[in-house]
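See structure below.
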Amino acid sequence: MKMLGSNDNNLKQQAVITILILLGMIITMQIAVMQMTESYKENMMTHDAEIAGHLLSHGVNTHQIRMAFTDQKADEAVINGAALLKTAGYQEGMANSLLPKVDQFYQKYAVIMLVFTSVFSLLLLAVFYFFAFQRNKKLEDAGKKIQRFMDGDASIRLNDGGEDKLSGFFSKVNTMATALTVHIEKEKHHRIFLKETISDISHQLKTPLAALQMYNEIILDEKTGNK
């Protein structure tokens, strides 16, 4: 797990599940190979039995038939045998349909391998989709909460309770939101303080301004009387 280089639990879970699926695939393939080997051996023995029976029915000595299947073959015998069979169209590259046993073997295990690989591929896709869906859901929920915060609900916070990288990012966003909330509250207090200060100054100035206005009226009246 240290190779992941992080404390992202979701990533670790995804990696563990993926590894388990791959191990299951490897084990299943090994079992399939064993089954294929057994099936191939059965087909080969059936084919050899058919040849032995055919030779026996045509009067070939039983001892020679046994030797044909059990003795070590020289390279020259292999070459001569291949040349003989080639004249009958029995050679490499011939269509599987001309060899019923081979064709059955191929069709059987082609379908089995297709089913196995399809199942494991679907499992892997399901794992990746599940974690991608969870991550997208978290991001969508975070987007909605951020919009509510921008609309004025300063109490909104993202869910940062996990130990994955996304939760770590949400934690930093929450820290920023808290700092912004504190700053907004300070600005509100500053505005209230400024408003109260201006109101107090205005109230304090009313008395001297009223006195000045009264003195101004007296002065104007005196000037008018002197005329």
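Computed from heavy atoms alone, side chains included, the values below leave out hydrogens, waters and symmetry copies.
- In this structure, Asp48 has no salt bridge (charged side-chain N to carboxylate O under 4.0 Å, His left out) partners at least two apart in sequence or on a different chain.
- Counting all heavy atoms, side chain and backbone alike, Thr18 lies closest to Phe128 at OG1-CZ, 4.2 Å.
- For Gln104, there are no side chain to side chain donor-acceptor pair (under 3.5 Å) partners two or more places apart in sequence or in a different chain.
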- Starting from the C-alpha separation in whole Å, work towards a yes-or-no answer on side-chain contact (heavy atoms from CB on, under 4.5 Å) for Phe116 and Met25. CA-CA 8 Å; Phe116 281 161; Met25 183 176 182; over 6 Å; no
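- Distance alone, capped at 3.5 Å, places no donor-acceptor pair between the Ser199 side chain and the Lys195 backbone.
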- From CA spacing to verdict: side-chain contact (heavy atoms from CB on, under 4.5 Å), Lys188, Arg191: CA-CA 5 Å; Lys188 285 182 179 179; Arg191 286 198 296 269; 3.5 Å; yes
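- In plain terms, the two heavy atoms of Phe69 and Ala52 that are nearest each other are CE1-CB, 3.8 Å.
- Taking CD1 of Ile21 as the reference point, atom CG of Leu125 lies at 9.5 Å (rounded to 0.5 Å).
- When the side chains of ILVMFWY residues are joined at heavy-atom separations under 4.5 Å, either directly or via intervening members, Met113 and Val115 end up in a single hydrophobic cluster.
- Here the OG1-CD distance, from Thr28 to Gln30, works out to 10.0 Å after rounding to the nearest 0.5 Å.
- In this structure Arg148 satisfies the salt bridge (charged side-chain N to carboxylate O under 4.0 Å, His left out) test together with Asp153, sequence neighbours excluded.
- No single ILVMFWY cluster, assembled from side-chain heavy atoms under 4.5 Å apart, contains both Ile17 and Ile27.
- With a 4.5 Å cut-off on side-chain heavy atoms, His190 and Leu194 do not count as touching.
- The shortest side-chain heavy-atom distance between Leu166 and Leu139 falls under the 4.5 Å cut-off.
- Residue Glu76 qualifies as open at atom CD: its count of foreign heavy atoms under 6.0 Å is 12 or below.
- Here the straight-line distance linking atom CZ of Phe130 with atom CD of Gln13 works out to 8.0 Å at 0.5 Å rounding.
- A distance of 11.0 Å separates CG of Asp75 from CG of Asn80, quoted to the nearest 0.5 Å.
- Atom CD of Gln72 is separated from atom CE of Met67 by 12.5 Å, given to the nearest 0.5 angstrom.
- Nearest approach of Phe149 to Ile156, heavy atoms of both residues: CD1-O, 4.1 Å.
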- Query: Step by step, would you call Arg157 with Val173 a side-chain contact (heavy atoms from CB on, under 4.5 Å)?
  - Reply: CA-CA 8 Å; Arg157 292 295 183 271; Val173 172; over 6 Å; no
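- Between the side chain of Thr46 and the main chain of Glu42, a donor-acceptor pair closer than 3.5 Å is present.
- Between Tyr40 and Phe105 the shortest heavy-atom distance is N-CE1, 3.7 Å.
- The hydrophobic cluster containing Val127 also contains Leu22, counting ILVMFWY residues as joined when their side-chain heavy atoms lie under 4.5 angstrom apart, directly or transitively.
- Distance OG1/Thr181 to CD/Glu185: 7.5 Å, rounded to 0.5 Å.
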- Task: For the pair Asp151 and Gln147, evaluate side-chain hydrogen bond (donor to acceptor under 3.5 Å, both in side chains) and give the outcome as yes or no after the intermediate values.
- Result: CA-CA 6 Å; Asp151 291 339; Gln147 185 60 51; 3.2 Å; yes
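- Lys137 and Asp141 are not joined by a salt bridge, as no carboxylate oxygen comes within less than 4.0 angstrom of a charged side-chain nitrogen.
- Met44 and Leu55 are assigned to two separate hydrophobic clusters, defined by single-linkage of ILVMFWY side chains at heavy-atom distances under 4.5 Å.
- Applying the side chain to side chain donor-acceptor pair (under 3.5 Å) rule to Asn174 yields the partners Asp160; only residues at least two apart in sequence or on another chain are considered.
- Annotation: salt bridge (charged side-chain N to carboxylate O under 4.0 Å, His left out) contacts of Glu38 (sequence neighbours excluded): Lys41.
- A side chain to side chain donor-acceptor pair (under 3.5 Å) check over residues 105-119, counting only residues at least two apart or in different chains, returns the pairs Asp103-Gln107.
- Cluster annotation: Ile112 and Phe120 are assigned to the same hydrophobic cluster (Ile/Leu/Val/Met/Phe/Trp/Tyr, side-chain heavy-atom contacts under 4.5 Å, transitive).
- Across all their heavy atoms, Phe170 and Leu158 have their closest contact at CD2-CD1, 3.6 Å.
- Below 30°, between 30° and 60°, or above 60°: for His58 and His54 the angle between ring planes is between 30° and 60°, a tilted geometry.
- Between the side chain of Thr37 and the backbone N or O of Val33 there is at least one donor-acceptor pair closer than 3.5 Å.
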